[in-house]
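Here is the structure we will look at, set down as structure tokens.
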Amino acid sequence: MSESGDRGRRPGGKPASGRPSSGRPSSGRPTSGRPERGTPRAGRPAQGADGRPQRSGNDEKRLWTRAGAPARGDRSAREREAPVDRDPYGTQSVRSRHDDPVIAEDVKPGDLDRVARAQLKTLSKENAEGVANHLVMVARLIDSDPQLAHKHAISAARRAGRIAVVRETLAITAYTIGDYSLALRELRTYRRISGRNDQLPMMVDSERGLNRPDRALELGRSVERSTLPVDVQVELAIAMSGARLDLGQPELALGELEIAQLDPTTAYSYSPGLFDAYATVLEDLGRLEDAELWWERSNRASEALSSAATGDDDVVEVVEEEVADGGAPAEATASGDTDVAGPDVAAQDGAIEQ
């Protein structure tokens, strides 16, 4: 709220006490609460003989409604609006001058993921195709040329700033190039549009990137962990552990990672990253033998998942068997639906991202 004007009044014309005016004059006699005819109302210009507002000076260019408020489109009223009211989705932040990067000739809108394409249906056909092409280019370049991928993401956001997947993509590219301030702003916008918390770990990590580990921990605790998908819970645990390390709290960092998913007998897509993070904290604590054990478990999980990813089944079980003479373990085998007793490393239902 602006500090100008009557400080004792609140929005809506109510006094600081919160009680509206009684409409009674000082004499105590009740009135209808209506001003006498011909008396100009507060906030409304005086009326002429024809009943129209009398305008002079700056009022000449103002538009007024019959209720006495500035009409929609009145420039002065627009200037008094808060920026968040004029730009609720934060599109203004991505609409500065920008030259669209070139789209590769072989790129087609149909190359975009089906779920992402569905979000673009609210756009015109031509605009949706242009946005889709830029998003395809982001996916193609994010690993090899993140700066160029970021330019494509900006182009998509300028065309479709109110589409959740577009703002999410811009946030990811900003995070990739180290622009954590932009990443955090775009992730907040994405969450506001989509109502989802699946990018909470990246938000926490962006706070870390801005050297605000305390705020990172506060943000990570703002959402009930059990309401998040399992893989997001794991990513959040890793980000929270990193924030603890930033604060010089390795013991607490280790505790952040000691979750149910820290299971060396089962390998999910998130297991290698979780095992690596655990090993890193153990090294910081000087527990080198334990750290080496978890590095090895991470390698085994990665190998098992890589081998299983070549299959077509959603349920994949990967088994590492010991040879009879106690030597090196045999090569890991993968099976789509075969039960094997005593698995050492297994990728189970939903664990492998095909």
Side-chain angles (χ1 to χ4, degrees), residues 89-90 113-116 118-119 139 142 163-176 180 182-210 212-247 249 252-281 294 297-298 301-302 305 309 314-316 346-354:
Y89 293 97
D113 175 78
R114 177 175 55 84
V115 177
Q119 293 190 35
I142 189 66
I163 304 298
V165 67
V166 174
R167 303 310 287 268
E168 180 185 28
T169 301
L170 180 56
I172 292 172
T173 60
Y175 177 87
T176 303
Y180 301 115
L182 176 60
L184 189 59
R185 183 166 67 245
E186 293 302 313
L187 288 170
R188 287 170 177 160
T189 302
Y190 162 73
R191 183 166 68 170
R192 185 163 61 249
I193 296 174
S194 67
R196 301 180 60 180
N197 287 306
D198 55 324
Q199 291 294 358
L200 183 62
M202 189 178 292
M203 296 177 72
V204 171
D205 235 17
S206 295
E207 289 284 11
R208 292 183 58 211
L210 294 171
R212 300 191 299 222
D214 286 321
R215 291 180 63 172
L217 293 173
E218 181 180 356
L219 178 60
R221 291 190 293 262
S222 66
V223 176
E224 179 63 37
R225 193 81 59 96
S226 61
T227 63
L228 302 172
V230 174
D231 59 332
V232 178
Q233 292 182 35
V234 173
E235 292 172 4
L236 181 58
I238 295 173
M240 297 285 279
S241 177
R244 293 291 188 186
L245 288 179
D246 294 342
L247 292 170
Q249 303 170 346
L252 294 178
L254 195 68
E256 294 282 359
L257 298 171
E258 291 174 340
I259 56 180
Q261 291 78 21
L262 189 70
D263 182 359
T265 67
T266 307
Y268 292 85
S269 58
Y270 51 73
S271 295
L274 178 59
F275 296 171
D276 285 346
Y278 197 66
T280 299
V281 180
W294 282 97
R297 286 169 173 170
S298 173
S302 296
L305 291 167
D314 290 333
V315 181
V316 182
Q348 300 178 352
D349 190 11
I352 304 299
E353 296 180 355
Q354 301 293 340

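Computation of the quantities below employed the complete heavy-atom set of this structure, encompassing side-chain atoms and omitting hydrogens, waters and symmetry-equivalent molecules. Not measured: the values here are computed from a predicted model.
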Does Val165 offer a backbone N or O that forms a donor-acceptor pair with the side chain of Gln119 under 3.5 Å? yes

Hey, could you give me the CZ/OG distance between Phe275 and Ser302, rounded to the nearest 0.5 Å? 9.5 Å

Within a reach of under 6.0 Å around CD of Glu258, are more than 12 heavy atoms found that belong to other residues, nucleotides or ligands? yes

State, yes or no, whether a side-chain contact exists between Val232 and Pro201 at a heavy-atom distance under 4.5 Å. yes

Closest heavy-atom contact between Leu305 and Ser269? CD1-CA, 4.1 Å

Please test Arg212 against Leu184 for side-chain contact (heavy atoms from CB on, under 4.5 Å), starting from the C-alpha separation and ending with a verdict. CA-CA 12 Å; Arg212 300 191 299 222; Leu184 189 59; 3.6 Å; yes

Of all heavy-atom pairs between Glu186 and Ala171, which one has the smallest distance, and what is that distance? CB-CB, 3.6 Å

Kindly compute the distance separating CH2 (Trp294) from CG (Leu262), expressed to the nearest 0.5 Å. 4.0 Å

Go through Arg244 and Leu217 one step at a time and tell me if the side-chain contact (heavy atoms from CB on, under 4.5 Å) criterion holds. CA-CA 8 Å; Arg244 293 291 188 186; Leu217 293 173; 3.8 Å; yes

Contact summary for Gly220 and Leu236, nearest pair of heavy atoms: O-CD2, 3.9 Å

Please report the interatomic distance CE(Met203) to CG(Leu219), rounded to the nearest 0.5 Å. 5.0 Å

As a quick check of understanding, evaluate side-chain contact (heavy atoms from CB on, under 4.5 Å) for Arg196 and Tyr190, giving each step before the final call. CA-CA 8 Å; Arg196 301 180 60 180; Tyr190 162 73; 4.0 Å; yes

Just how far is it from atom CD of Gln233 to atom OG1 of Thr227, taken to the nearest 0.5 Å? 8.0 Å

Would you confirm whether Thr176, through its side chain, and Ile172, through its main-chain N or O, come within 3.5 Å as a donor-acceptor pair? yes

Minimal heavy-atom distance between Met240 and Ala216, with the atoms involved, is SD-O, 4.1 Å

Heavy-atom closest contact (Ile142 atom, Thr173 atom, distance): CD1-CG2, 3.8 Å

Test: Glu207 and Arg188 ion pair at under 4.0 Å: yes

Distance-minimising heavy-atom pair for Ile259 and Ala237: CD1-CB, 3.9 Å

Please evaluate residues Tyr268 and Gln261 with respect to the criterion side-chain contact (heavy atoms from CB on, under 4.5 Å), reporting the C-alpha separation (whole Å), side-chain torsions for both, the decisive distance (0.1 Å), and the verdict. CA-CA 9 Å; Tyr268 292 85; Gln261 291 78 21; over 6 Å; no

CG (Asp276) and CD1 (Ile238) are apart, to the nearest 0.5 Å, by 8.5 Å

Could you tell me the separation between the CD atom of Glu168 and the CG atom of Leu187, rounded to the nearest 0.5 Å? 8.0 Å

